[in-house]
Colleague: 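Got a structure here, written out as structure tokens. Questions coming.
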Amino acid sequence: MHHLAFGGASIDGGPYLWITALAQRVPHGLNTLITYWTDYGLALFAVLMLLGWWRARHGASRTMALALAAPVVVVTAFLADDLVKTFFDEQRPCRTLHAVTLEACPGPGDWSFPSNHATIAAAAAVALLLCDRRLGRIAVPAALLMAASRVWVGAHYPHDVAAGLAAGSLVAGALTPLARRAAPAVDRIRASRLRPLVAAR
């Protein structure tokens with residue numbers, strides 16, 4: 001397999017250094033919040049997807065199909081992102097530029113491009129937006145904040161998270177609408193669950 005090793009520092013190393021330097025000058029409490037968010041914030045998207053299913057359970061079958069497809073879409077986006085990483089052996093910026101960062105620098109071989117966190121967040125946000133606009137309005141800014149936090153803590157170049165956001169959005173935008181085709185299956189499942197209740201009467 002041919003690997004494309006490229007230096008991300010030549011793309012946006014300057015902005016990365018400016019952002020990580022700024023992170024050293026802001027109040028400690030803000031950095032604590034951002035660090036917690038970047039480490040555990042993906043759990044919010046899992047909660048939102050669960051809420052999407054809960055809100056869709058008595059709604060249209062197409063909506064339920066979209067809600068059920070959201071986790072599958074997110075996993076697919078993550079796998080696609082991980083595949084792309086095998087073609088681009090981009091070292092982490094904290095390793096190449098030796099910047100002072102809020103998080104410990106990942107080890108060698110933990111490639112930087114594109115950002116897994118940004119991809120997962122974007123895929124979840126788009127899937128939720130197509131399923132439930134109200135939840136999507138929460139998920140979209142949360143995805144942008146997740147992407148920004150990855151640069152802030154020093155884990156990624158800006159172009160890494162931009163590529164992750166684009167990849168997650170494209171995968172979710174392409175796959176999520178296909179879930180509507182499963183609406184008849186949702187109807188059959190709902191009907192089969194109602195039959196025992198009807199028979200009991």
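All values reported here derive from a predicted model rather than from experimental measurement. Atoms considered below: every heavy atom in the structure, side chains included; atoms not considered: hydrogens, waters and symmetry mates. Just so you know, residue 1 is the first one in the sequence shown, and it goes up from there.
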Colleague: Ignoring hydrogens, what is the shortest heavy-atom contact between W111 and D89? Give both atom names and the distance.
Modeller: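 Heavy atoms only, the tightest pair is CE3-C, 3.6 Å.
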Colleague: Mind listing the closest non-hydrogen atom pair of V171 and V73 along with its distance?
Modeller: CG1-O, 4.3 Å
Colleague: Hey, is the main chain of A166 close enough, under 3.5 Å, to the side chain of S169 for a donor-acceptor pair?
Modeller: no
Colleague: Scan C94, P114, S112 and name whichever one has a side-chain contact (heavy atoms from CB on, under 4.5 Å) with H156.
Modeller: S112
Colleague: So does I34 get a backbone contact from the side chain of T38, meaning a donor-acceptor N/O pair under 3.5 Å?
Modeller: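 Absent.
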Colleague: Closest heavy-atom contact between L17 and A99?
Modeller: CD2-CB, 3.8 Å
Colleague: Would you indicate whether R134, at its atom CZ, is surrounded by more than 12 heavy atoms from other residues, nucleotides or ligands within a distance under 6.0 Å?
Modeller: no
Colleague: Mind listing the closest non-hydrogen atom pair of L130 and P177 along with its distance?
Modeller: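 Looks like CD1-CD, 4.2 Å.
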Colleague: Which heavy-atom pair separates L102 from A23 by the least distance, and what is that distance?
Modeller: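 Closest heavy-atom pair between L102 and A23: CD1-CB, 4.2 Å.
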Colleague: Test your reading of the model: is there a side-chain donor-acceptor pair from D132 to the backbone of L135, 3.5 Å cut-off?
Modeller: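 Between the backbone of L135 and the side chain of D132 there is a qualifying donor-acceptor contact (under 3.5 Å).
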Colleague: Could you report the tightest heavy-atom contact between L66 and T176, atom names first, then the distance?
Modeller: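 In this case the closest contact between L66 and T176 is CD2-O, 3.1 Å.
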Colleague: Can you check whether L83's main-chain N or O pairs, donor with acceptor, with T86's side chain at less than 3.5 Å?
Modeller: yes
Colleague: Can you tell me how the ring of H159 sits relative to the ring of F113, calling it parallel under 30°, perpendicular over 60° and tilted otherwise?
Modeller: tilted
Colleague: Give the C-alpha distance, both sets of side-chain angles, the deciding distance and a yes or no for salt bridge (Lys or Arg N to Asp or Glu O under 4.0 Å) between D110 and R92.
Modeller: CA-CA 7 Å; D110 189 340; R92 295 278 181 166; 2.9 Å; yes
Colleague: Under the 3.5 angstrom rule, does the side chain of D39 hit a backbone N or O of Y36 as a donor-acceptor pair?
Modeller: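 Not at all, since once roles are kept as given, no pair shorter than 3.5 Å links the two residues.
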Colleague: Check whether any side-chain N or O of Y16 sits under 3.5 Å from a backbone N or O of G154 as a donor-acceptor pair, and report yes or no.
Modeller: yes
Colleague: Please check this pair: side chain of S115 against backbone of A118, looking for a donor-acceptor N/O pair closer than 3.5 Å.
Modeller: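 It does hold such a pair.
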